[in-house]
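What follows is a set of notes on a single structure, which appears directly below.
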Amino acid sequence: MDNPSASSHFIKNIVIDDLQSGKVDQIITRFPPEPNGYLHIGHAKSICLNFELADEFKGRTNLRFDDTNPLKEDNEYVEAIKEDVRWLGFEWDGLFFASDYFEEMYQRAVLLIKKGKAYIDDQSAEEMRLTRGTLTQPGQDSPHRNRSIEENLDLFARMRAGEFKDGDKILRAKIDMSSPNINLRDPALYRISHTTHHNTGDQWCIYPMYAYAHPLEDAIEGVTHSICTLEFEDQRPFYDWVVQECEMEHQPKQYEFARLNITNTVMSKRFLKQLVDEKIVDAWDDPRMPTISGLRRKGFTPEAIRSFVREVGVARSNSTVDERLLEHFIREDLKLKSLRTMAVLRPLKVVITNYPEGQTELLEAENNSENPELGNREIPFSREIYIEQDDFMENPPNKYFRLFPGNEVRLKNAYFIKCNDFVKDEQGNVIEIHCTYDIETKSGSGFSGRKVKGTIHWVEASQALPAEFRLYEPLILDEEKGDSDSFMEHINPNSLEVIQGFVEPNMSSTQAHDKLQFFRHGYFNVDPKLSEPSKPVFNRIVSLKSSFVV
RNA sequence: UGGGGAUUAGCCAAGCGGUAAGGCAACGGACUUUGACUCCGUCAUUCCUAGGUUCGAUCCCUAGAUCCCCAGCCA
């Protein structure tokens, strides 16, 4: 269930004001990813912001691919992004590509040249860097800054025609080389790149820069509120300049908010790509990745992600959200939805010495004690069962409520058992324990003769279904290093632990992405790629909270 | 040290001149056939600091501190 609290934030307040003042009749937002990687949970914040704002105020939201750099982009990414946005629960009104507008962008650039607001520069990238000045010193005008309009027009047409090599010429805005805002020191508008584009093929060999293209895209689509992250703040004057000087009839406005950071989490497409490329993880959808596809494969739900980003809020201060907030929302979402069954991750055999050999009985169990609609199931019980290794100690500490010699515990949905003896191997490890059960204490019988402090889970041994469990820890150990260049030095070597255990026999019918609670362990997801009916594979989404410390 | 931002509890975050919402976390306790869940309780006399204006300031003014972003033909 979604977190219902629709809290206010500064962008929503702006929208309300704009609607009330009549500045806009209907809001139009857009989610504008570059198809150069997979979406991560940081993008989810932006997606929810844009789509939910439009939903709330009866506006529209476009999905627009910002595909102005063919060197880095690929159709694989556009398909993955579409899938992720839909999976999160959103449907776009318009589906567009920046490349849809290349001709218009070119014509607007011609207009800029005709107005004397843009010129062709012959300087190399290096020369441009040198003449741009520094943070404290103004830049110097390019020697080509005052070329005639006719010459600029001619050169620009020849750039388009492919007469020049990459880097030989560039179209620049003519603004102010001494502006204290470096973004206004004659920023680049068009560069030459003889690269095949995933949409337009070889139709173009010049491509617009983001800072020039983006405001045009917004203006063409009638976007009213163009929402981006804080690092684009200094670009806003140029954004407005482009809209103004290109004489766009519609004038979108840019608003910036702080991007999402989460503790112990790498949140940058570049770093995530590095993790994939260097095989630190298996793929973009590795459950350890904070990508939408990784979270999906791990077992997170769209509802939990939406609730999470809503609760985080939208503000302008850089912040790092505690990963436990995300965990809170998946626990809350799955609490009533998922079946609660038993799984033994690290098995220890128990022989119930007074239970008849060869006998098996079926016991009734609720699938979710807090949600009767999920019904009941039957589970087998017999003389030999598996319990968790953690649930037995030869020499227990104080306040240990589980099994130890002489102690009695409840077997969830079954009987009380009492430990009488145990067997060790040559290394001194406990490999089997012997108990007796009390038939009077059967679950559901109403027995109240005596109380027991602990209840443990178990699986009947002969019918237990072998299963693989994949337990995850953060990929990054230092909680503040997730977004720094040194993050590779903080990779957690134990981010994945694969163990073999058992689940109840009926688990053979699980389907990919089924979500279950395993008693006392946590919530798990059936892995869509690795799981098989005879050997299910479960990804742990999140453990249960526990106040027990040894 | 140019320009642009930010600063409210351990982490997020409301608040818009009338006396500090909410969530997470944490800590007590109750309950419990999950050491879970649920429930009850605790958790900022103070909002980066110092002055000022005001009957009254987290909010307005002045000065300062700290942190983030900008010198791609990336987005």
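The figures that follow rest on heavy atoms only: side chains count, while hydrogens, waters and symmetry mates do not.
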Looking at [Y] and [X], is there a salt bridge between them, counting it only when a charged N and a carboxylate O are closer than 4.0 Å?
X        : Y        : answer
A:Asp438 : A:Arg450 : yes
A:Lys337 : A:Asp333 : yes
A:Arg520 : A:Asp391 : yes

Residue-phosphate contact under 4.0 Å: [X] side-chain N/O, [N] OP1/OP2:
X        : N     : answer
A:Ser124 : B:C73 : no
A:Thr68  : B:A75 : yes
A:Arg191 : B:C74 : yes
A:Lys545 : B:C37 : yes
A:Arg132 : B:G72 : yes
A:Arg185 : B:A71 : no
A:Ser547 : B:A36 : yes
A:Arg316 : B:A6  : yes
A:His457 : B:U34 : no
A:Ser319 : B:A13 : yes

So what does [X] hit on the nucleic acid, given a heavy-atom distance under 4.0 Å: a base, only sugar-phosphate, or nothing?
X        : answer
A:Gln517 : base
A:Arg129 : sugar-phosphate
A:Glu73  : nothing
A:Asn318 : sugar-phosphate

A:Glu126 versus A:Ser124, side-chain donor and acceptor atoms under 3.5 Å
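Looking only at side-chain atoms, A:Glu126 and A:Ser124 do not form any donor-acceptor pair under 3.5 Å.
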Would A:Ser179 and A:Asn181 count as having a side-chain donor-acceptor pair, cut-off 3.5 Å?
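No, no side-chain donor-acceptor pair sits under 3.5 Å.
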From the options [options], select the nucleotide whose nearest atom is closest to the side chain of [X].
X        : options             : value
A:Leu325 : B:G23, B:A13, B:G3  : B:G23
A:Ala125 : B:G23, B:A14, B:C73 : B:C73
A:Leu544 : B:C12, B:G23, B:A36 : B:A36
A:Pro180 : B:G72, B:A26, B:G3  : B:G3
A:Met209 : B:C74, B:A6, B:U33  : B:C74
A:Ala188 : B:C73, B:A75, B:C70 : B:C73
A:Asn13  : B:G35, B:C12, B:G15 : B:G15
A:Asp234 : B:A14, B:A36, B:G4  : B:G4
A:Arg410 : B:G2, B:G5, B:U33   : B:U33
A:Ser546 : B:G35, B:C74, B:C37 : B:G35

Specify the glycosidic conformation (syn or anti) of B:G72, with syn defined as within 90° of 0.
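B:G72: syn.
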Residue whose nearest RNA chain B nucleotide is more 5′ - A:Lys269 or A:Asn183:
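Its nucleotide being nearer the 5' end, the pick is A:Asn183.
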Earlier contact from the 5' end, RNA chain B, for A:Thr455 and A:Asp322:
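Mapping each residue to its closest nucleotide by heavy atoms, the 5'-most match is A:Asp322.
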Do A:Phe519 and the base of B:A36 stack face to face, with centres under 5.5 Å apart and an angle between planes under 30°?
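Stack criterion not met.
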Could you tell me whether A:Arg340 sits above the aromatic face of A:Phe518, with NZ or CZ closer than 6.0 angstrom to the six-membered ring centre and within 45 degrees of the axis?
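Ring-cation test returns no.
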What integer distance in Å separates [X]:[atom1] from [N]:[atom2]?
X        : N     : atom1 : atom2 : result
A:Lys337 : B:C37 : NZ    : C1'   : 17 Å
A:Arg331 : B:A36 : CZ    : P     : 11 Å
A:Phe10  : B:A13 : CZ    : C1'   : 13 Å
A:Ile182 : B:A71 : CD1   : C1'   : 4 Å

Pair assignment for RNA chain B - dot-bracket with | for other-strand partners, Watson-Crick or G-U under 3.5 Å:
.(((((((.[[[..)..(...]]].(((((.......))))).....[[[[[..)....]]]]])))))).....
Is A:Phe257 close to A:Leu49 at the side-chain level, that is, under 4.5 Å between some pair of heavy atoms?
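A side-chain contact under 4.5 Å exists here.
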Under 3.5 Å, is there any donor-acceptor pair linking the side chain of [X] to the base of [N]?
X        : N     : value
A:Asn181 : B:G4  : no
A:Arg236 : B:G4  : no
A:Ser443 : B:U33 : yes
A:Glu370 : B:U38 : no

So, the side chain of A:Tyr400 versus the backbone of A:Phe392: is there a donor-acceptor pair under 3.5 Å, distance only?
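A pair under 3.5 Å: yes.
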Closer than 3.5 angstrom, by distance alone: can the side chain of A:Arg191 be matched with the main-chain N or O of A:Gly167 as a donor-acceptor pair?
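Answer holds: no.
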Could you walk me through whether A:Glu256 and A:Gln254 satisfy the side-chain hydrogen bond (donor to acceptor under 3.5 Å, both in side chains) test, starting with their C-alpha distance in whole Å, then the side-chain angles of each, then the deciding distance to 0.1 Å, before giving a yes or no?
CA-CA 7 Å; A:Glu256 312 86 17; A:Gln254 174 183 301; 3.0 Å; yes
Taking B:U38 as the reference, what is the distance to B:C24 when you measure between their P atoms (whole Å, please)?
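Roughly 9 Å separates the two P atoms.
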